[in-house]
Amino acid sequence: MKHSQLKQLIKEEIHSVLNEKGADTDWTDEEGNKVTLQDILDMTKNVPQKDYPTEKLSKVVLNWDDNPEEVERVGQVEISKQYPILIMVDEAGKIKWILDGNHRAQKALRAKAKTIPAKLIKPSMLDAKAKKVLLGIVDENKKK
């Protein structure tokens, strides 16, 4: 399997974990634990928003060129400072994936925008449930 095919499979797997329906987006793990977009927004309300370089998103944004419904949705979304995309990064700030806003990121890339409003979300900013659902991280110190 080529590296590009592997990357696309990983992107598709991440997308399959998402139940992406705009404001109704949620994530559920194999045990049925659920975290909503609103939960993430509440946890990260104090995270500063920044103008993030769009070229850094090209390797992680989901690509829907073969899905007319998703391509249409990309065309319909608006890029706004009111709704920054949420980017999951590691503790060092290295981008992992777009948690929310793939359609907006895709639109910005297609429009060749230099930046897009974004919040960078580190694991340490999330509560234990969100870490488990989104990252598979279980707190080893927590008593069972």
Visitor: For Glu78, look at atom CD and say whether over 12 heavy atoms of other residues, nucleotides or ligands are found less than 6.0 Å away.
Guide: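 No, the 6.0 Å shell around CD holds no more than 12 heavy atoms from other groups.
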Visitor: Considering residues at least two apart in sequence or located in another chain, which fulfil the side-chain contact (heavy atoms from CB on, under 4.5 Å) criterion with Glu31?
Guide: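 Once residues adjacent in sequence are excluded, the partners of Glu31 under the side-chain contact (heavy atoms from CB on, under 4.5 Å) criterion are Asp29, Asn33, Lys132.
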Visitor: Could I get the full list of side-chain contact (heavy atoms from CB on, under 4.5 Å) partners for Ala105, not counting sequence neighbours?
Guide: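 Once residues adjacent in sequence are excluded, the partners of Ala105 under the side-chain contact (heavy atoms from CB on, under 4.5 Å) criterion are Leu57, Val61, Ile85, Ile98.
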Visitor: Return the minimal non-hydrogen interatomic distance between Met43 and Val35, and the atom names on each side.
Guide: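 Met43 and Val35 have their closest heavy atoms at CE-CG1, 4.5 Å.
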Visitor: With sequence neighbours left out, which residue pairs that include part of residues 44-54 fulfil the side-chain hydrogen bond (donor to acceptor under 3.5 Å, both in side chains) condition?
Guide: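 Residue pairs with at least one partner in residues 44-54: Asp51-Lys81.
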Visitor: If the condition is side-chain contact (heavy atoms from CB on, under 4.5 Å), which residues does Thr36 pass it with, not counting sequence neighbours?
Guide: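 Asp26, Lys34, Gln38, Asp39.
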Visitor: Of all heavy-atom pairs between Trp97 and Leu135, which one has the smallest distance, and what is that distance?
Guide: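 That closest heavy-atom pairing would be CH2-CD2, 3.3 Å.
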Visitor: Kindly compute the distance separating CG (Leu126) from CD1 (Ile137), expressed to the nearest 0.5 Å.
Guide: 8.5 Å
Visitor: Listed by chain and number, what are the side-chain contact (heavy atoms from CB on, under 4.5 Å) partners of Lys122, not counting sequence neighbours?
Guide: Val89, Glu91, Ser124, Met125
Visitor: For the CD atom of Glu55 and the OG1 atom of Thr115, what is their distance to the nearest 0.5 Å?
Guide: 9.5 Å
Visitor: Just to verify, what does Lys112 make a salt bridge (Lys or Arg N to Asp or Glu O under 4.0 Å) with, not counting sequence neighbours?
Guide: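 Partners of Lys112 by the salt bridge (Lys or Arg N to Asp or Glu O under 4.0 Å) criterion come out as none, since no residue qualifies.
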Visitor: Minimum heavy-atom separation for Leu109 and Ser58, please, with both atom names.
Guide: CD1-CA, 3.9 Å
Visitor: Just verifying a value: how many Å separate Leu134 CG and Ile121 CD1, rounded to the nearest 0.5 Å?
Guide: 10.0 Å
